[in-house]
Amino acid sequence: MSAWSILTAIREDPEILRVSQQRRGLDIDIVEEAVRLDTEWRKTRTDLAELQRQRNQVAQQIGKTKDKEKKDQLIQQSKQLSEKVSVGEQRLVGLEKTRLDALRTIANIVHESVPEGIDETEARPEKYVGKPRIWKDHLDQFLESAQEKKVDYELVDEQPKSHYDISEESGLIDTARAAKVAGSRFYYLIDDIVWLDLGLALYALDNITKHGFKPLIPPNMLNHAAYSGVTDITAFEDSLYKLENQDLYLIATSEHPIAAQHMNEVLEIKELPLRYAGYSPCYRKEAGAHGKDTKGIFRVHQFSKVEMFVFCHPDESWDWIEKMIAIEEAIWTPLNIPFRIVTLPSGDFSRVASKTYDLELWMPSQGRYREFVSCSNCTDYQSYRLNIRFAEKRGHPTKGFVHTLNSTVIATTRSITTILENNVQPDGRILIPKPLLPYLKPIESAPDKYITPMHMKKK
RNA sequence: GCCGGGGUAUCCUAGCCUGGUAGGGAGCAGGCCUGCUAAGUCUGUGUCCAUGGGACUCACGGGUUCGAAUCCCGUCCCCGGCGCCA
């Protein structure tokens, strides 16, 4: 009996998978294919075992037989059986691969609480926090996106500046020179912004470790075997940087090395849940995002991020996703930037996840909330692929696959964009969110209350 | 990068030269024994397919062979030494 939910569904109730695939807008026929391949694989497996049994029996007799003639006869028999076995083995290997490919093509089962829909406009708003400043020309689109929810807001007449304009004018972020030496979507962070970047990371790490998450700086590269366990193969071409002539990929998020660290391990029930707070650079090609968020540092090839990750007992993952989004709320609310929490619709989140909440922060210049945090329950999807199981004790029969969850805490550069836009003062200085100040205080050259544009600084 | 040593089940370890059911110990679980505990003793202890059982598993992948933990080739990882290095 397999405890992997997708295999269980294949054998007991494939309809679950058809519905789930349909809700995501993915291929449904693959389910039929997987059922067929699984049945055929099991039959082949059983037939082969019988042949192997016969061969082993004969091979053992050969060892015991002294009589020359009798022995030769047995060897002949064994030869024939061996040939049959090897044919069967080849067939099984082929079948095993196609079966597994089919199974792994099926996306994680969409949770029942996930709303229907294929794009981000169909995300279900769950909660609004803070009072966004809305430019009068953005009001209509804002009210539409709020979907009936009553949200407190402040109407402004003047068009808000984009983070790009603010960073250009302040001289604290240089994307032009970065483009010269590396290309678009790179940046130099300068002076006060460097401290803000580090302050954000420290604030995130400090708070998250208070919730029992163990801080972790992971490898920034993973090999193919580990990477194909944590995510979908198709993500490779689109988003990952690969090192030349080496079996190594730059990580797109610390979620990946954190998840992969327990690959092929059996965890003991008493050590669950395992909670990690990862801090790492993230590298993303952003292929397919041409034309989107091209200016500034909202969408870049490289950024730092603090991430939380949980390995837990399967019975507890649905509690954990609620706890994690609550932690997000507790971390973001004090930063005093308006945000909302949404549940992503069935067709608009990663196939690895069963359900995803996004925390979206207000971007005054765009007149809408944008994704800053993604919080997912991946149930047993990653743990099956990475073979991470749990047992009463190590070495005892396993009871199934653990569940994994992950959530952004703070992605630093993107977070800087919303701080710039929401906190810029009439004189051009940027108010630093209060909770970050203690982390900057010990540093002599760090700003103490406002981030100051270069031209306003005393030399 | 070079030389040497290694990778056996939850852990430790034997077996490898000389191919023929992977042995022992520890831990853990259960049974027996015991007034109780300890000791003793027996059984179990990974994965998969089936429910009479069977197959697979000695880092990974090939090869030789009727038969490979064992012999041959390749790869990865770990340890020690040398070299290089922030």
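Throughout, protein chains are lettered first and strands after them, A, B, ... in sequence-line order, and every chain is numbered starting at 1. Keep in mind that the numbers below use all heavy atoms, side chains included, and drop hydrogens, waters and symmetry copies.
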Euclidean distance, atom CE of residue A/M263 to atom C1' of B/C76 [Å, nearest integer]: 12 Å
A/R11 vs B/C49: side-chain N/O to OP1/OP2 distance below 4.0 Å: yes
Side-chain N,O (A/R389) to OP1/OP2 (B/U47) below 4.0 Å: yes
Beyond-backbone contact of A/I109 with A/T379, side-chain heavy atoms, under 4.5 angstrom: no
A/T398 vs B/G46: side-chain N/O to OP1/OP2 distance below 4.0 Å: no
Residue-phosphate contact under 4.0 Å: A/R42 side-chain N/O, B/A50 OP1/OP2: yes
A/D247-A/N223 side chain donor-acceptor pair, cut-off 3.5 Å: no
Distance, C1' atom - from B/U8 to B/C16, rounded to whole angstrom: 11 Å
Heavy-atom side-chain proximity of A/Y439 to A/D206 below 4.5 angstrom: yes
Whole-Å C1' distance, B/G46 and B/C42: 22 Å
A/N56 vs B/A55: side-chain N/O to OP1/OP2 distance below 4.0 Å: yes
Distance, rounded to the nearest Å, where A/N387 contributes CG and B/C48 contributes P: 9 Å
Under 4.0 angstrom between A/T46 side-chain N/O and B/A55 OP1 or OP2: no
Closest to side chain of A/K79, choosing from B/G46, B/C66, B/A55: B/C66
With A/F298 via ring pair (Phe, Tyr, Trp, His ring centres under 6.0 Å) - residues at least two apart: A/F372
Gap in Å between the two P atoms, one belonging to B/G19 and one to B/U65, rounded: 16 Å
A/Y249 six-ring centre to A/K242 NZ/CZ under 6.0 Å and within 45° of normal: yes
Pairwise side-chain contact, A/I173 with A/I297, heavy-atom cut-off 4.5 Å (strictly under): yes
Span that lies between the C1' atom of B/C73 and that of B/U21, in whole angstrom: 28 Å
Residues forming a side chain to side chain contact (heavy atoms under 4.5 Å, CB included) with A/S113, sequence neighbours excluded: A/H111, A/K355
Strand RNA chain B in bracket notation, Watson-Crick/G-U under 3.5 Å with | for pairs to another chain: (((((((..((((......[..))))((((((.......))))))((((...))))..(((((..]....))))))))))))....
Position toward the 5' end of RNA chain B (nearest nucleotide), A/E89 or A/A59: A/A59
